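Just so you know, these numbers come straight off a predicted model, no measurement behind them.
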Amino acid sequence: MTSKPLVAPRNCADLRFLRDDGHLSSGIGTLVQGALPPLLPVLAGSLVLAALLVAGLGDLAGATLFAPAAALLLSGVASGHPHDGRFDWLVPPLLRAAEYLYLFALGYGAGVPGPLVFALMTVVVVHHGSAVRRATCGVRPSRRTMRAMLGWDGRMLLIAMGGVLGWLPFTYGLLAGYLVVLLVWESATSWLDAPVPTEAGEPRNEAGGIDASAI
């Protein structure tokens, strides 16, 4: 019996895909055309967002709602970069953490019912986890479907708009429901379209089983 060489699994992950940018962030990135490395803008935007949330947690109204989301849009200027730097793998986790912090802090500070905050954050986490799994397996949703998920920038700005209008609990519930429906539909259709590996190439014995002597 001859042993087969071990081959490392191919990593299909694309950090630009894992950023989960929406229309606004991608549009800002086209202005720079990938010339700006992504890590520093993301770090700056995340720090400003955190500082603004801490400073305005007791008075979440008007511009205070938009300021953190607008600050994080600093990250959008580097969305077109190939993300091939040594530490650029940190960019998606930082964007995730910033979005989670914003959704939690805004919901908590504005008195949104806990189940609504939990529901929205859960479906966003599932969406991000699905994106990582898909990128690794090479089963990606279409660009149009990803845009329909609104991106981290679109979700944050939509929540901010709901807060300005005084509809924050309604906006949390509406966004959570919309994302659940879209995620379930897209997951079912894309995974069903994924190619299924076959064992046609394996040597068979007379009984139809795999011939172990040929391995």
Side-chain angles (χ1 to χ4, degrees), residues 9-53 66-106 120-161 175-176 178-180 182-183 185-187 190-191:
R10 182 173 177 263
N11 187 0
C12 303
D14 183 345
L15 294 179
R16 288 173 295 181
F17 170 75
L18 296 180
R19 282 178 59 105
D20 192 23
D21 292 304
H23 288 285
L24 188 55
S25 180
S26 298
I28 295 174
T30 59
L31 300 177
V32 184
Q33 298 181 348
L36 187 65
L39 185 56
L40 287 180
V42 171
L43 279 173
S46 299
L47 290 175
V48 174
L49 178 142
L52 290 172
L53 282 176
F66 277 103
L72 194 60
L73 285 177
L74 291 171
S75 310
V77 298
S79 61
H81 189 274
H83 289 59
D84 53 359
R86 182 177 180 182
F87 297 105
D88 287 350
W89 61 271
L90 291 170
V91 170
L94 286 172
L95 289 174
R96 303 288 179 268
E99 183 179 1
Y100 300 156
L101 175 63
Y102 182 75
L103 295 177
F104 174 78
L106 199 61
L120 179 57
M121 294 191 65
T122 299
V123 69
V124 172
V125 169
V126 170
H127 163 60
H128 289 153
S130 175
V132 173
R133 182 62 177 170
R134 292 166 184 276
T136 304
C137 297
V139 185
R140 294 188 184 181
S142 65
R143 181 178 295 273
R144 180 167 55 183
T145 301
M146 288 299 293
R147 293 299 192 212
M149 299 295 290
L150 305 179
W152 58 265
D153 47 335
R155 291 188 292 268
M156 290 174 62
L157 290 174
L158 181 62
I159 290 296
M161 179 65 73
L175 182 58
Y178 167 76
L179 293 177
V180 165
L182 185 62
L183 185 62
W185 175 83
E186 187 277 325
S187 297
S190 62
W191 283 112

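Proximity of a side-chain donor or acceptor of R155 to a complementary backbone N or O of M149 within less than 3.5 Å is detected. The backbone N or O of V42 sits less than 3.5 Å from a side-chain atom of S46, completing a donor-acceptor pair. Within the 3.5 Å criterion, the main-chain N or O of G27 finds a donor-acceptor partner in the side chain of T30.
Scanning both residues, S79 and D21, for their nearest heavy atoms gives CB-OD2, 3.5 Å. The shortest non-hydrogen separation linking R19 to S25 is NH2-OG, 3.9 Å. Of all heavy-atom pairs between A98 and L49, the closest is O-CD2, 3.9 Å.
The line from CD1 of I28 to CG of L74 is 8.5 Å long, rounded to the nearest 0.5 Å. If you take CG on D20 and CG on L150, they are separated by 9.5 Å, rounding to the nearest 0.5 Å. Between the CG atom in L175 and the CE atom in M156 there is a gap of 12.0 Å [rounded to 0.5 Å]. Distance check, rounded to the nearest 0.5 Å: CG of L95 to CG of D153 gives 9.5 Å. Rounded to the nearest 0.5 angstrom, Y178 OH and L183 CG are separated by 11.5 Å. Remark: L101 CG to E99 CD distance equals 11.0 Å, nearest 0.5 Å.
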Please test R147 against S26 for side-chain hydrogen bond (donor to acceptor under 3.5 Å, both in side chains), starting from the C-alpha separation and ending with a verdict. CA-CA 10 Å; R147 293 299 192 212; S26 298; 3.2 Å; yes
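For the pair L94/L39, a side-chain contact is recorded, criterion being any heavy-atom separation below 4.5 Å from C-beta on.
Heavy atoms from other residues, nucleotides or ligands lying under 6.0 Å from CE of M161 number 12 at most. Around CZ of F104, the count of heavy atoms belonging to other residues, nucleotides or ligands within 6.0 Å does not exceed 12.
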